[in-house]
Amino acid sequence: MDLIKMTTPLVEMDGDEMTRILWKMIKEELILPFVDLKTEYYDLGLEHRNETDDKVTFDSAYATQKYGVAVKCATITPNAARVDEYKLKEMWKSPNGTIRAILDGTVFRAPIVVKGIEPCVKNWKKPITIARHAYGDVYKGSEMKIPGAGKVELVYTDDKGNETKELVHTFEGSGVVQGMHNLNDSIESFARSCFHYALDTKQDLWFATKDTISKKYDHSFKDIFQEIYDAEYDDKFKAAGIEYFYTLIDDAVARVMKSEGGYIWACKNYDGDVMSDMISSAFGSLAMMTSVLVSPDGKFEYEAAHGTVQRHYYKHLKGEETSTNSVATIFAWSGALAKRGELDGNQELSDFANKLERATIDTIESGLMTKDLALITSLENPKVLNSEDFIKAIRVKLEKLI
């Protein structure tokens, strides 16, 4: 069989621990036998990040800006224990955070729906994609404990020294206070990324905040979204047959629980953090979630939604068998290959990516799966496969589809 040709490379970001092991298996079993793979390779494994003073992470993000599509393996964000374990020069920042900041991107996460892994909410039939703003709010908040009676104010001092004050609260006793912020530029990028992704995936887009209570902060989000939609996207959405609408966050939650799914739900930073965990748990597993970072100018970075599976990696190092779910990592590759094919007008590559996803789902639905899925499936008598055999079982299905 002739290998499928690629004209433009993917940016390939290798990672850490068990997902790095799976990464190699996936390439060798599911991609290289079928695709003349072209990638610009960056090793984001923690040891190499340390060797390069984390320059490799920045280089991979700049390459993504150049080529437009990247695929990323899960990586370690070091804590104090990791600094000692890997003898790091310093506690390097999250690669995801660095890449997200350079691309000015929004993270979209959606469950991979498979028969036999039913969501807890019975009427959910289609994936619900969470679009999470990734800047500001409580994550960059300033906090203070108030020891006793007194007054707390917000004070803005402009570059000429003029002050504007807003009373927060007059305390009669002890308490706590928090100040948080956001940036119009960041909100605008968030909005454009959401509108772009909705058009790309042809899904309705919801946006939800609490503007009835937060009449300036949340209302600014609402207004910016609406202004950009009206000026740049209204005609495009109508032509695509999709809808954008705003609703209160509490109304959105109620609508989500009664819906069948099949839309994008855009949330502010904290709301997105909470709701993405709810969606992933209710649909089954983080190992069955796609994650794609989308920049407002249409650059894409695909990855798994989960971490490096440290516990399984230590078992692997001891020579013990693991049954690690590789589905999200496979879908990171298929997503990137499909997008590369779309942008390059390479239908054969896009078709291959779709068949890879179909083969993965067919394998699970036939009763062949990793241990984590066997514990929650409604299928009778599932067969538990180890990490490598699961990937090889997918290859059998893939070869039949091709």
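Model, not experiment: these values are computed from the prediction. What's counted below: heavy atoms across the whole structure, side chains too, no hydrogens, waters or symmetry copies.
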Presence of salt bridge, D54 and K93, under 4.0 angstrom:
no

Give the table of side-chain donor-acceptor pairs shorter than 3.5 Å for residues 25-37, with sequence neighbours excluded, one pair per line with atom names and distance.
unit_1	atom_1	unit_2	atom_2	d
K27	NZ	E12	OE1	3.3
K27	NZ	E12	OE2	2.9
E28	OE2	K24	NZ	2.7
E29	OE1	R395	NH1	3.2

Please collect all ring-ring contact (aromatic ring centres under 6.0 Å, His included) contacts where either partner lies in residues 310-330, sequence neighbours excluded, each pair once.
none

Residue pairs fulfilling ring-ring contact (aromatic ring centres under 6.0 Å, His included) with at least one residue in residues 266-288, sequence neighbours excluded
W124-F283

Under 30°, 30 to 60°, or over 60°: which ring-plane class applies to F237 and Y229, parallel, tilted or perpendicular?
perpendicular

Qualifying residues under side chain to side chain contact (heavy atoms under 4.5 Å, CB included), relative to [X], sequence neighbours excluded:
{"X": "K126", "result": "none"}
{"X": "K160", "result": "D158, N162"}
{"X": "S378", "result": "E118"}
{"X": "K222", "result": "D211, H219, Y246"}

Can you tell me which residue pairs pass the side chain to side chain donor-acceptor pair (under 3.5 Å) test with a partner in residues 129-138, sequence neighbours excluded?
R132-N269, H133-S186, Y135-H181, D137-N182, D137-Y217

Please list all pairs meeting side chain to side chain donor-acceptor pair (under 3.5 Å) that have one or both residues in residues 94-116, counting only residues at least two apart or in different chains.
K72-N96, D104-S189, R109-S291

Which pairs with one or both residues in [range] pass salt bridge (Lys or Arg N to Asp or Glu O under 4.0 Å), sequence neighbours excluded?
{"range": "residues 239-255", "result": "K210-D250"}
{"range": "residues 167-184", "result": "none"}
{"range": "residues 354-376", "result": "R358-D362, R358-E365"}

Using a 6.0 Å distance limit plus a 45 degree cone around the ring axis, check whether K339 lies over the aromatic ring of Y302.
no

Take T308 and D16, measure what side chain to side chain donor-acceptor pair (under 3.5 Å) needs, and give me the verdict at the end.
CA-CA 6 Å; T308 58; D16 287 299; over 6 Å; no

